[in-house]
Amino acid sequence: MAVFDSFDPWDPAFVADPYPAYAELRARGRVLYYEPSDQWLVPHHADVSALLRDRRLGRTYVHRFTHEEFGRTPPPPEHEPFHTLNDHGMLDLEPPDHTRIRRLVSKAFTPRTVERLKPYVRSLAEELVGDLVAAGGGDLLTDVAEPLPVAVIAEMLGIPESDRAPLRPWSADICGMYELNPSEETAARAVRASLEFSEYLRTLIAARRKTPGDDLVSALIAAHDEDDRLTEQEMVSTCALLLNAGHEATVNTTVNGWWALFRDPAQLAALRADHSLVPTAVEELMRYDTPLQLFERWVLDEIEIDGTTIPRGAEVAMLFGSANHDPAVFTAPDRLDLARRDNPHISFSAGIHYCIGAPLARIELAASMTALLEHAPTLRPTAEPERTPNFVIRGLKGLAVEV
């Protein structure tokens with residue numbers, strides 16, 4: 001158990017740099033039981049990649065079992081508003097419901113649709129970076145990283161600009177429940193945010209029913225095929241999921257990525273000298289400091305990993321951050337290499353739950369990076385940033401910069 005001395009998701013030192021602990025886990029084995037969170041940790045890339053595609057695992061189990069049959073305690077009644085919102089979104093559903101909802105939502109994320117968004121994303125990135133430059137600097141998190149993806153997904157959903165201020169705080173409070181063993185205080189914030197967010201979305205959906213627009217909410221309402229039609233709750237949960245997932249990873253990749261660049265002057269200089277590196281740089285920064293460190297699955301039918309049987313009812317924690325630093329897959333994985341070509345990172349997951357917004361996230365990340373390279377070529381940090389205390393969703397509280 002000594003290896004777990006270094007793997008401690010609640011230790012600020014571990015959160016600051018979890019990658020050495022991951023190396024110890026990989027050396028220890030392919031699957032390790034971690035008692036504090038009652039989970040089986042999977043640290044190797046090959047195993048994580050395979051399990052993400054393994055239908056013996058699922059994001060939920062209630063489509064097949066009751067809580068009692070699965071050997072699990074139902075969530076406390078006071079948490080119900082969070083679970084009602086969370087559990088009806090496609091990320092936490094399995095087929096056939098997942099298939100039905102994803103088929104409908106995917107129409108908004110076709111390559112052609114995403115490609116049409118490019119000019120808007122570029123224009124918004126240029127505007128945000130222009131304001132940052134005019135001010136001589138600011139907080140890269142709140143001035144560029146957050147407003148860009150929030151505005152894009154809100155625009156797609158048809159959320160008026162005047163209504164967008166609470167979106168990021170609601171998302172942050174809800175995402176607190178994705179951490180390991182969240183506190184009651186965290187749960188209370190998530191419940192409150194879930195109630196407020198749901199109420200807002202129901203009001204928005206009602207308005208779109210009366211007056212449809214050229215937006216995703218209106219398109220979801222207009223779906224007349226009985227096989228695809230969403231219930232009211234599914235629509236609310238889908239909109240909330242798209243808003244949350246539509247910016248969390250992009251925000252954190254932006255600030256984690258720029259902080260990594262500031263700490264590696266040679267790579268930053270190479271990027272500033274050659275902007276054609278932006279596409280591979282985006283992929284490498286997602287790999288190098290992974291925005292989502294852990295993704296969970298329930299074991300629906302027992303599985304075996306390297307001679308260890310994991311029973312039905314257990315929970316598997318796939319360590320994306322560790323998999324993205326696995327030397328069996330990545331040459332010199334702890335080195336930032338913006339020109340890295342062979343880069344099968346799993347930051348967008350895999351299998352049926354592969355991130356539906358990955359193409360849009362790539363466009364957003366490339367747009368903000370390009371705008372910063374072109375208009376703020378002397379960008380530099382003014383203070384060492386403070387990390388958020390979270391392990392699962394990895395980010396910074398802010399990133400103060402000057403031009």
Side-chain angles (χ1 to χ4, degrees), residues 19 45 109 111 113-115 117-126 128-129 132 140-141 143-153 245-293 320-321 323-325 329-350 354-377 379 393-396 399 401:
Y19 299 104
H45 187 284
F109 290 91
T113 305
V114 172
E115 192 67 24
L117 283 169
K118 262 188 177 179
Y120 170 70
V121 175
R122 284 175 180 161
S123 173
L124 184 54
E126 295 265 341
L128 293 168
V129 171
L132 181 79
L140 195 61
L141 176 72
D143 293 343
V144 177
E146 282 183 350
L148 177 63
V150 170
V152 172
I153 195 65
H247 75 270
E248 283 290 345
T250 308
V251 170
N252 293 319
T253 297
T254 301
V255 291
N256 289 342
W258 275 96
W259 180 234
L261 288 169
F262 290 142
R263 287 177 292 143
D264 195 327
Q267 286 294 296
L268 179 54
L271 181 62
R272 283 173 169 162
D274 182 3
H275 294 183
S276 71
L277 286 171
V278 165
T280 54
V282 165
E283 303 300 320
E284 175 68 348
L285 292 170
M286 291 203 77
R287 179 203 71 84
Y288 182 75
D289 203 3
T290 309
L292 181 67
Q293 291 281 310
F320 283 14
N324 281 343
H325 279 247
V329 176
F330 303 98
T331 303
D334 295 326
R335 177 167 56 85
L336 184 65
D337 179 4
L338 301 183
R340 192 184 295 271
R341 293 285 175 183
D342 186 14
N343 192 351
H345 69 77
I346 52 172
S347 299
F348 287 122
S349 191
Y354 179 78
C355 177
I356 200 169
L360 180 58
R362 287 184 164 109
I363 287 172
E364 292 168 347
L365 290 164
S368 67
M369 178 175 285
T370 300
L372 285 163
L373 290 170
E374 291 179 351
H375 302 294
L379 191 72
I393 297 177
R394 181 168 174 78
L396 302 174
L399 183 55
V401 294

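Just so you know, these numbers come straight off a predicted model, no measurement behind them.
Looking at Phe320 and Arg394, their side chains never come closer than 4.5 Å, going by heavy atoms from C-beta outward. Residues Asp274 and Leu277 form a side-chain contact, since some pair of their non-hydrogen atoms from C-beta on lies under 4.5 Å apart. Contact annotation: the side chain of Met369 never approaches that of Leu372 to less than 4.5 Å [non-hydrogen atoms, C-beta and beyond]. Side-chain contact between Thr370 and His375: absent, with no pair of heavy atoms (C-beta onward) separated by less than 4.5 Å. Looking at His247 and Glu146, their side chains never come closer than 4.5 Å, going by heavy atoms from C-beta outward. By the 4.5 Å heavy-atom criterion applied to side chains, Leu271 and His275 are not counted as neighbours.
In terms of the side-chain contact (heavy atoms from CB on, under 4.5 Å) criterion, Ser123 has no residue partners (sequence neighbours excluded). Shown here are the side-chain contact (heavy atoms from CB on, under 4.5 Å) partners of Pro333, two or more places apart in sequence or in another chain: Arg287, His325, Pro327, Phe330. With sequence neighbours excluded, the residues that form a side-chain contact (heavy atoms from CB on, under 4.5 Å) with Ala245 are Leu241.
Asp289 places no side-chain N or O within donor-acceptor distance of the main-chain N or O of Ala260, the cut-off being under 3.5 Å. Under a 3.5 Å cut-off, the side chain of Glu284 and the backbone N or O of Asp337 do form a donor-acceptor pair. Under a 3.5 Å cut-off, the side chain of Asp143 and the backbone N or O of Val129 do not form any donor-acceptor pair. Judged purely by atom type and a 3.5 angstrom limit, Arg272 has no side-chain atom pairing as donor or acceptor with the backbone of Glu374. Within the 3.5 Å criterion, the main-chain N or O of Asn252 finds a donor-acceptor partner in the side chain of Asn256. With hydrogens and angles ignored, the 3.5 Å screen pairs a side-chain donor or acceptor of Ser347 with a backbone N or O of Met286.
The heavy-atom pair separating Leu338 from Gln267 by the smallest distance is N-OE1, 2.8 Å.
Between Trp259 and Phe262, the ring-plane angle classifies as perpendicular under the 30° and 60° cut-offs.
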